[in-house]
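A quick write-up on the structure given underneath.
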Amino acid sequence: MSAGERVLLVTGGGRGIGAAVCRLAAKAGYRVAVNYASNDAAAAALVREIEADGGKAIAVKGDVGSEADVVAMFEAVDRAFGRLDGLVNNAGIVDMKARVDEMSAARLERMMRVNVIGSMLCAREAVKRMSTLHGGKGGAIVNISSAASQLGSPGEYVDYAASKGAIDTFTIGLAREVAEEGVRVNAVRPGIIDTEIHASGGQPDRIAAIRGFVPMKREGKAEEVARAVLWLLSDEASYTTGGILNVSGGR
Ligand code: NAP
């Protein structure tokens, strides 16, 4: 099957790493569903950009942390494209810098609901459509983890790091669960990447502060993460499942 017939859903695809994945996937010929939470303008602009470039895309608003929204999102993709070949579980949040002894239950619940349960719910819906066990034709899932899962992020956001640790383990377990059903499941661990997520966590200068600790002495670009994601989605990675690829400048 050519990439041109394939359909890819990217959660949190309106901005940052997700948007870079959508752009690159559309250039590779995928029809792309761009999920986002609230920034209608960013998602709409990305869809226009992809279409102006000759690609096919739709924007699908929905909170991955809401089961009803996730179910509705996949149904919208079914209606628009009639098939699903890939899912990139990219939607994710950080929170303000804090120690664990300062974190409220509400903060922890939100972190795990969006970053962990959101990815699991989306994977559930994707497996229902792609697994040969359910009559699907196979497919690929790429989960966006973080270098934080290995570093722990002490004094900054251990809750976020732990949510990404859960994503690593989920990747390994789901990969093995559906390995015989035509579905490959892998993850990418980005390091410090130039997006708006740092400002949304109250640290607009975080890249400048951390750059020096990266062996390559620079931050990554969203496109550099997207290239790894596109490879894991593609048939070039046909024997790779349960893999977790660091895209972090050596950190
Ligand atoms: P970003 O620039 O802040 O973009 C986040 C995207 O996710 C936006 O499109 C946002 O929607 C969407 N989103 C947020 N919460 C959502 C929800 N509940 N439901 C659906 N969509 C939601 O983030 P990013 O830096 O590209 O990060 C993308 C992923 O990479 C995350 O999983 C993050 O943890 C991971 N990561 C990032 C870095 C880094 O340095 N940037 C490093 C390691 C891992 P709206 O546009 O509507 O707000």
Side-chain angles (χ1 to χ4, degrees), residues 10-19 35-39 42 61-70 73 87-125 141-174 185 187-214 219-220 222 225 244-249 251:
V10 182
T11 67
R15 294 183 292 120
I17 292 168
N35 159 253
Y36 66 103
S38 59
N39 193 329
K61 190 172 189 164
D63 175 2
V64 296
S66 154
E67 184 174 24
D69 282 13
V70 168
M73 183 201 315
L87 164 69
V88 180
N89 266 322
N90 166 79
I93 53 168
V94 295
D95 210 319
M96 298 302 138
K97 187 172 174 169
R99 287 169 48 96
V100 172
D101 52 18
E102 298 168 325
M103 290 178 188
S104 68
R107 167 182 171 138
L108 296 174
E109 192 277 335
R110 172 175 168 265
M111 184 66 65
M112 297 302 159
R113 185 170 48 78
V114 173
N115 289 7
V116 182
I117 297 175
S119 295
M120 290 181 166
L121 289 172
C122 290
R124 180 190 76 188
E125 292 305 308
I141 296 174
V142 177
N143 297 321
I144 306 300
S145 174
S146 170
S149 77
Q150 307 292 285
L151 300 168
S153 307
E156 191 175 32
Y157 29 60
V158 168
D159 54 343
Y160 170 80
S163 78
K164 295 301 188 176
I167 290 300
D168 288 358
T169 305
F170 178 60
T171 300
I172 295 165
L174 182 63
V185 184
V188 169
R189 284 196 198 110
I192 179 111
I193 309 298
D194 185 10
T195 73
E196 292 164 349
I197 201 170
H198 312 291
S200 74
Q203 299 187 69
D205 301 326
R206 186 166 179 266
I207 290 177
I210 287 181
R211 186 184 282 136
F213 297 103
V214 179
E219 67 274 29
V225 181
I244 306 178
L245 181 57
N246 291 338
V247 182
S248 55
R251 193 155 184 242

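Side-chain contact between Ile93 and Ser200: absent, with no pair of heavy atoms (C-beta onward) separated by less than 4.5 Å. Residues Arg251 and Ile192 form no side-chain contact, since every pair of their non-hydrogen atoms from C-beta on lies 4.5 Å or further apart. Looking at Met73 and Glu125, their side chains never come closer than 4.5 Å, going by heavy atoms from C-beta outward. Residues Val114 and Val64 meet the side-chain proximity criterion, which asks for heavy atoms closer than 4.5 Å. Contact check for Val94 versus Tyr160: side-chain heavy atoms found under the 4.5 Å cut-off. For the pair Asn115 and Ile167, the minimum side-chain heavy-atom distance is 4.5 Å or more. The shortest distance between side-chain heavy atoms of Asn35 and Asn90 does not fall below 4.5 Å. No side-chain heavy atom of Met103 sits under 4.5 Å from any side-chain heavy atom of Met111.
The pair Glu67-Arg124 meets the salt-bridge criterion, since a charged nitrogen lies less than 4.0 angstrom from a carboxylate oxygen. With salt bridges taken as basic N to acidic carboxylate O contacts below 4.0 Å, one links Arg113 and Asp63.
Taken to the nearest 0.5 Å, the CG atom of Leu87 stands 6.5 Å off from the OG1 atom of Thr11. A distance of 6.5 Å separates OG of Ser38 from NZ of Lys61, quoted to the nearest 0.5 Å. The distance from atom OG of Ser163 to atom CG of Asp95, rounded to the nearest 0.5 Å, is 11.0 Å. If you take CG on Asp194 and CD1 on Ile17, they are separated by 10.0 Å, rounding to the nearest 0.5 Å. We find the CG-CZ distance between Leu151 and Phe213 to be 11.5 Å, quoted to the nearest 0.5 Å. To the nearest 0.5 Å, atom NZ of residue Lys164 and atom CD1 of residue Ile244 are 12.0 Å apart.
The two residues Val158 and Pro154 have their closest heavy-atom pair at CG2-CA, 3.8 Å. Closest non-hydrogen pair, Ser149 versus Gly165, comes out as CB-N, 3.6 Å. When all heavy atoms are compared, the tightest approach of Val188 to Pro190 is O-CD, 3.2 Å. A pairwise comparison of heavy atoms in Met112 and Ala162 identifies CE-CB, 4.3 Å as the closest pair. Closest of all the heavy-atom pairs between Ala222 and Ile193 is N-CG2, 3.6 Å. Between Ala147 and Ser248, the shortest heavy-atom contact is CB-CB, 4.4 Å.
With hydrogens and angles ignored, the 3.5 Å screen pairs a side-chain donor or acceptor of Arg107 with a backbone N or O of Met96. In this structure a side-chain-to-backbone donor-acceptor pair under 3.5 Å is missing from Glu156 to Ser153.
Between the side chains of Ser119 and Asn143, no donor-acceptor pair is found at a separation under 3.5 Å.
Around CZ of Arg211, the count of heavy atoms belonging to other residues, nucleotides or ligands within 6.0 Å exceeds 12.
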Is there a side chain to side chain contact (heavy atoms under 4.5 Å, CB included) between Gln150 and Asp168? Walk through the geometry before answering.
CA-CA 10 Å; Gln150 307 292 285; Asp168 288 358; 3.6 Å; yes
